[in-house]
Each structure stands twice: as C-alpha cells, then as structure tokens.
Number of protein chains: 2
Amino acid sequence: MMPVKCEICPLRKKPLFAEMDDDIVRFMQEFKVGEMKVKAGTTLMMEGSNAPQLYTALEGMGLRYKTLIDGDRQVINFVLPGDFIGLQAGVMREMQHSVEASTDMILCVFDRKTLWDLFQNHPERAFDLTWVAAVEEHLLGESLAILGQMSGIERVARAFVRLHDRCEALDLKHGAGVPLPFKQQDLADALGLSLVHTNKTLKKLRDQSIAKWANGKLEVMSYTRLCEIAQLDPTRDPIIRPLI
Amino acid sequence: MMPVKCEICPLRKKPLFAEMDDDIVRFMQEFKVGEMKVKAGTTLMMEGSNAPQLYTALEGMGLRYKTLIDGDRQVINFVLPGDFIGLQAGVMREMQHSVEASTDMILCVFDRKTLWDLFQNHPERAFDLTWVAAVEEHLLGESLAILGQMSGIERVARAFVRLHDRCEALDLKHGAGVPLPFKQQDLADALGLSLVHTNKTLKKLRDQSIAKWANGKLEVMSYTRLCEIAQLDPTRDPIIRPLI
DNA sequence: CGTGACTTTGACAAATGTCAAAGCATGTGG
DNA sequence: CCACATGCTTTGACATTTGTCAAAGTCACG
C-alpha cells in the first residue's frame, strides 16, 4: 500500500495545527522515510534506550509512561494523531519514557540521523520542533497542576474535556461519542488515582448524566457541567501547534 | 558595573552543562543584550502575557508557577542558576506560567526578536534550545510521576535530592548545607501537599536525622537514606544540558 | 513592644487507597 | 455448543493518608 503523501495528509488541514508552507511540505515529504503500521500493544519506544527513528502518529492512539522502581506506572500523557514521538531520543542521549500503542496505529517515520540536516537547512522546521517541545512542556505543566491541586473527580473531568476536545479537533467524533480506547487502569495511572477510586469516580459522572465512558467510547452529555467540574472555561481557545 | 562576559561566565565550565564551542560563545556574547538585577519577590514573567525578553538565571533562585481558577497555586519547578526562562514566550504566543524571583537574582538578558536570527544562522544553538526544551520536558515528566505515584515523604525526599544535587553541581555548597531559599508553602505547592502536611513530613526527616531544612539552608545528613526514600539510585548520573 | 510573616502542633474531618469478591464479556479447547 | 479461563469492570467494607481548622510559637523589623 502506498504511503500517504504529505501533500494530501489529512491531518495537516485541521485547524488544530499551524499552517505549513508548500516548500516545507515538500521537505517533509523527503524527510519522511516511510510509514509504519503496528498492532495494539506494541512498544514504540523504550525508556532508557535510544531510538533510530522518530514518528508522528497518523492514526490510532497510544500512551507515554514511566515505570518507577517499585513497579508503579505513571502515564505521562495519551498519544493521539498529530503527536510527535521521540523528540527526546532525537536531542538527548535517550528516551526518558516509554511509548506504547493502545490500538493499532499508523505512524509517519523519520530518521533520527537526518534531524541535524533539518536544523542546518530548514530553520523554520527547526523552530517548529522547538515549538512542539514548548507546547509539550506547557501541557505537562498543566498536568502537573492537575495532579497537584485537583480532586479525583476534577482530574477525571479535566482528562475527559482534554481528550474530548482533541478528538473533536481531529474530527474523530463519530455518532454520539469520541473514541477513547484505553483501560480504566490507564486513566488511573495518568491521574495518579487508584483503579478503584477512578472507577467509582466514573460512576459518579455517569449517575449525574455528565459523561459516560464505556467500550472505548466517551460520550459527553453535559459539556458545560464537565467544564465546570474541570475548572475550565468552556469557550477557551485551543492551543495551536505545528504538525511535524 | 560591567556585565559578565560570556567568555568568562562562571557557569559555563560546570560539568552539568554541555561544552560550548568558542564561536558559539562569541555569538552568545552578541545575542546577549545585557544583564538584569532584580530584588526578591519580583515577577519576571506573567502567565498569559508575552515577554519581550528571555533570560538565563546567573545567580539567585526563583520559581515557576501556575495559578488555578480557584486560587490554588502549582509550583511547576524551582529556577536555579543556568536555567533558561521564557522559551514559551519565545516560540508560542504567550507564557503558560509565571516566574518569580525568590531571592535577589542576576539574569542574562536576551531579545526575543533576535531568536529567529538564532534559528537562521546558528543551527547548533537552535539545536541546543530544543535540547533544553527536551530536558525540561523530561524533568516535568519526572515531576508528574512524583506527584502521581509517590507518598508525601517520598515526594519531599525526591525534591531534596534533586535540589541538593543541582546545588552541588553548581558548587553552591557552603559549609554544612546548600541554599534553599524557599518557604515551606512553596515546597508544598510544588509537591501537591498541604502546608501542614509538608511541615509534619519535614519534621519526620529531621527527627530521623536524614535531612534538616531551616533558615533557607538544606542540610542532608544521610544522602543514602534520603535516596532510599526518594526511590533513587544514589550513584545515578546527572542529566547534562546546554547552557543558553 | 507590637506587628506581620512564617513555622509548628494537636484534634478532627475528608478523600483516597487497599483488599477481596463478584460480575461480565470474550475467546478457546473439548 | 458448552465449560472454562482470562482480562477488565464494578462493588462493599475497611484502613490509611492527607487535608482542614485553630491556636500557639518564633523571629525579624519598625
């Protein structure tokens, strides 16, 4: 099967991503060495290793996580289409977290070795890479504030709003809900809550008809009330980011 | 008073920072538009604003924080000499957190407008900037795991080890301890604990003769035991980063 | 002195975690 | 087609951690 041409990349035109000049698109086409399909459960990057390849998620979802000495797992964030994977491997010695596919995924593949070429000959793209890193930094800072200052139900609500909005921006809404192909344990590990407590919190949102998450689908029934709990302004603007 | 020349910058030679070519040093000297001294308590960057200037901390300490709707504050991290301030303002529309000086500080000042020149004409420096962003991302991911998975005493121990090591790497050790010019409330806000609980946790570490923090000085009495609680290998290597 | 900012303590309340078991799909081998 | 094993979700009872409130202690400073 032919890989998707960057030129006609369906992600590129979503308003979530910064616009891209035509010559940048041509360069990306060159920079891209191929496409990869992986099955759910595949480990894409390993904490502590150095990866020869970098990716951009095209389809499917995954998660980034760290494993602690005592075996606990912290999910750093969820990987959705448009996310760049492997920046740390690209510029630091090695990855500081692992990345795993939660569903089957399709990824754009880049070569780590040509990253330097990007910096030397395509300053706009280098800038965009830094921009992506800064957006990532922002999102992690926000997550930190969520774990540090918010209660269980607030954290779940926040996660739902974030994921719901991102899916909508990607036009992933089909029917009543958006896809959320994770386990409750994944969400628990992301929010720093126990599985049991997460489960009971989900029940509360269900019982109050605010949001329902089952069978890999998230249905937000009252966006307003969800935002209220999540301490978010329902009319705020999304963060624009470049697509690598 | 004459500003410090980059050439003789005392930070540059610390093994914590990546080595820098001579011509890069010359460029940085140009890039640098001046030096700034601020008093303790000064707000250097405001969440939501765009800053015309970027900084590198030379002396003194500060903190980055976010304020939530309900007034809670999350301290994102502590700012120590060598930290770059304002990357988000440089590449995104605006800062996503505030930065405040906890002590008097001296900062290297750069002009946001010349950042683009850096990307166009100094790819190594552009790479370093991305590298810094990646290191920051790593540290935030680690913080996330700390807040999400560790108990109160473990969090405090982690923070102490991190800060102690960083101060040592900067040769800030004088006498029995390292400077830690923050309030208990700052640490509490960084670790997602209440002030009272933080205070009681500090007492535990004191009573067990593991670490004592008073009058802005942190004295680590048993690095081994502290690392044990912090779930850290006491022999691990520090992360090297570029100095901007 | 008296005031304000910070730290320390004790008593009590609330949120969250742990354990254990049951429920419920789904897939597989007999 | 059934029986059973597996992985995930749901529940209830109970334990523990952490937060909240209120007050007192300490220290620097005008």
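To find a chain, count down the sequence lines: A is the first, B the second, and so on, and within it residues start at 1.
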Completion exercise
Per-nucleotide protein contact along nucleotides 5-21 of chain C, 5' to 3', at a 4.0 Å heavy-atom cut-off (B base, S sugar-phosphate only, - neither), is -SSBBBB----SSBB--

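Axis angle across the helix from C/dC1-D/dG30 to C/dG30-D/dC1, with five pairs used at each end and values rounded to 10°: 30°.
In terms of modelled atom types and a separation under 3.5 Å, the side chain of B/Asp165 and the main chain of B/Arg162 share no donor-acceptor contact.
Listed by first and then second residue, the side chain to side chain donor-acceptor pair (under 3.5 Å) pairs that reach into residues 173-191 of chain A are A/Arg73-A/Asp186, A/Arg73-A/Asp189, A/Glu168-A/Lys173, A/Gln184-A/Asn199, A/Gln185-A/Asp189, sequence neighbours excluded. The ring pair (Phe, Tyr, Trp, His ring centres under 6.0 Å) contacts involving residues 182-209 of chain A comprise A/Phe78-A/Phe182, where partners must be two or more places apart or lie in separate chains. Within the structure, the salt bridge (charged side-chain N to carboxylate O under 4.0 Å, His left out) test picks out no pair touching residues 220-231 of chain A (sequence neighbours left out). Residue pairs meeting the salt bridge (charged side-chain N to carboxylate O under 4.0 Å, His left out) criterion with at least one member in residues 94-108 of chain B: none, sequence neighbours excluded.
At whole-Å resolution of the value, CG in A/Asp189 and P in D/dC8 are 12 Å apart. The interatomic distance linking B/Gln149 (CD) with D/dT17 (P) rounds to 17 Å, in whole Å.
Between B/Phe160 and B/Trp213, the two ring planes are perpendicular [angle over 60°; tilted spans 30° to 60°].
With B/Asn50 as the fixed residue, the side-chain contact (heavy atoms from CB on, under 4.5 Å) test singles out one of B/Met92, B/Arg112, B/Gln88: B/Arg112.
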Problem - side-chain hydrogen bond (donor to acceptor under 3.5 Å, both in side chains) evaluation trace for B/Gln96 with A/Glu142 - result: CA-CA 9 Å; B/Gln96 306 294 337; A/Glu142 201 171 84; over 6 Å; no

